[in-house]
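Below is one structure, written out as structure tokens; comments come after it.
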Amino acid sequence: MRYPVIENPVTGERGIVRRAPGPAGPGLVADLYARPGAAVVGEHVHPASTEAFTVVRGTLGLRVDGTERLATAGTRVVVPPGTPHDWWNAGDDTAWVVVEVDPGRRFEAMIRNLFGLATDGRTDATGRPGLLQAALLAREFDDVIRFTSPPRAVQRTLFAALAPLARLRGLRGSYPEYERDAGEYVDTLEPLPPDISALLGMST
């Protein structure tokens with residue numbers, strides 16, 4: 001079996017899709033490898049998806065609903081829909097975290113677009129796209145992800161005003177070329193320790 005790889009060279013995230021989400025089936029499961037200093041692009045909420053982080057190796061810093069914590073190997077953190085959260089590699093080594101998102105099909109499409117933009121040099125040093133691109137991306141994937149800053153009312157007004165100009169510039173909210181597998185695969189996955197497999201309820 002071959003497992004697709006999705007990588008963000010800017011934020012330091014490398015994801016290997018362990019289980020792809022189906023149209024109405026189980027959610028996305030991916031092995032996330034976050035290099036030292038890696039961090040998600042900003043605090044956000046998923047309006048309709050549950051996201052879970054199970055740390056296999058390393059230390060993950062998390063802020064969930066305003067409360068910060070450190071998650072080490074064997075720790076599982078579940079973030080319910082609509083809960084503000086943020087994460088980063090809090091250790092000195094690459095962290096290995098199993099991430100589950102359910103439902104996850106639209107989430108995977110969003111991640112592929114965001115990572116694709118970063119790979120093509122179309123984001124800043126934190127992995128955020130430019131304002132015009134962000135306006136379209138935010139509107140396209142509003143059902144999947146909403147950043148907590150600036151306030152949502154400001155975002156909606158600003159992005160609505162910028163969207164026509166962004167489209168005139170030839171930008172889009174999603175790019176089919178990014179949503180396809182980029183061609184990088186691995187043939188095997190790093191085996192999960194038995195205690196992690198039990199925590200996840202899956203076989204290695």
Side-chain angles (χ1 to χ4, degrees), residues 3-21 26-115 118 123 125-128 141 144-149 186 188-204:
Y3 302 91
V5 176
I6 312 173
E7 188 160 11
N8 188 325
V10 176
T11 61
E13 301 167 82
R14 176 180 172 86
I16 301 174
V17 179
R18 181 176 285 269
R19 185 183 70 198
L28 171 70
V29 180
D31 289 5
L32 172 67
Y33 293 89
R35 71 188 181 206
V40 73
V41 293
E43 185 181 72
H44 58 279
V45 302
H46 302 302
S49 294
T50 297
E51 186 170 23
F53 302 87
T54 302
V55 181
V56 185
R57 185 170 58 234
T59 303
L60 198 68
L62 291 136
R63 182 170 57 251
V64 180
D65 206 12
T67 301
E68 289 193 12
R69 63 176 295 184
L70 294 179
T72 54
T75 304
R76 178 177 169 82
V77 179
V78 179
V79 182
T83 305
H85 60 286
D86 194 4
W87 67 260
W88 57 95
N89 184 344
D92 297 326
D93 301 309
T94 296
W96 174 20
V97 184
V98 178
V99 179
E100 304 159 86
V101 182
D102 191 18
R105 194 175 193 190
R106 287 275 294 159
F107 177 89
E108 182 183 6
M110 179 273 296
I111 287 294
R112 286 182 177 275
N113 274 279
L114 197 58
F115 283 22
T123 69
T126 69
R128 285 181 177 261
F141 292 105
V144 176
I145 189 169
R146 298 171 185 172
F147 290 95
T148 59
S149 180
V186 296
T188 59
L189 297 171
E190 195 171 355
L192 292 171
D195 60 324
I196 300 295
S197 294
L199 198 58
L200 292 166
M202 64 171 61
S203 64
T204 57

Against the six-membered ring of Phe107, is Arg112 placed for a cation-pi contact (under 6.0 Å from the centre, within 45° of the normal)? no

Check [X] against [Y] and note the closest heavy-atom contact, atom names and distance.
{"X": "Asp92", "Y": "Pro36", "value": "O-CG, 3.4 Å"}
{"X": "Ser49", "Y": "Val101", "value": "CB-CG1, 3.9 Å"}
{"X": "Thr75", "Y": "Val77", "value": "CG2-CG2, 4.1 Å"}
{"X": "Val56", "Y": "Ala73", "value": "O-CB, 3.4 Å"}
{"X": "Glu7", "Y": "Phe115", "value": "C-CD2, 3.4 Å"}
{"X": "Asp86", "Y": "Gly42", "value": "OD1-C, 4.0 Å"}

Please examine the side chains of [Y] and [X], heavy atoms only from C-beta on, and report whether any two atoms are closer than 4.5 Å.
{"X": "Leu32", "Y": "Trp96", "result": "no"}
{"X": "Val5", "Y": "Val186", "result": "yes"}
{"X": "Arg76", "Y": "Ile196", "result": "no"}
{"X": "Thr11", "Y": "Thr126", "result": "no"}
{"X": "Val17", "Y": "Glu108", "result": "yes"}
{"X": "Thr94", "Y": "Arg35", "result": "yes"}
{"X": "Phe141", "Y": "Asn113", "result": "yes"}
{"X": "Leu114", "Y": "Val41", "result": "yes"}

Would you confirm whether [X], through its side chain, and [Y], through its main-chain N or O, come within 3.5 Å as a donor-acceptor pair?
{"X": "Asn89", "Y": "Asp93", "value": "yes"}
{"X": "His44", "Y": "Ile145", "value": "no"}
{"X": "Arg63", "Y": "Trp87", "value": "no"}

For Leu62 and His85, what are the C-alpha separation, side-chain angles and deciding distance, and is it a side-chain contact (heavy atoms from CB on, under 4.5 Å)? CA-CA 7 Å; Leu62 291 136; His85 60 286; over 6 Å; no

Would you sort out whether Val97 and Arg57 count as a side-chain contact (heavy atoms from CB on, under 4.5 Å), showing the intermediate values? CA-CA 7 Å; Val97 184; Arg57 185 170 58 234; over 6 Å; no

Give the C-alpha distance, both sets of side-chain angles, the deciding distance and a yes or no for side chain to side chain donor-acceptor pair (under 3.5 Å) between Glu190 and Tyr33. CA-CA 11 Å; Glu190 195 171 355; Tyr33 293 89; 2.7 Å; yes

Pairing of Glu43 and Arg146 as salt bridge, 4.0 angstrom limit: no

Atom [atom1] in [X], atom [atom2] in [Y]: separation rounded to 0.5 Å?
{"X": "Ile111", "Y": "Asn8", "atom1": "CD1", "atom2": "CG", "value": "8.5 Å"}
{"X": "Asp102", "Y": "Thr50", "atom1": "CG", "atom2": "OG1", "value": "7.0 Å"}
{"X": "Arg105", "Y": "Leu28", "atom1": "CZ", "atom2": "CG", "value": "12.0 Å"}

Worked check of side-chain contact (heavy atoms from CB on, under 4.5 Å) between Leu192 and Val98: CA-CA 10 Å; Leu192 292 171; Val98 178; 3.9 Å; yes

Where do Leu189 and Arg18 land on the side-chain contact (heavy atoms from CB on, under 4.5 Å) test, with the steps shown first? CA-CA 8 Å; Leu189 297 171; Arg18 181 176 285 269; 3.6 Å; yes

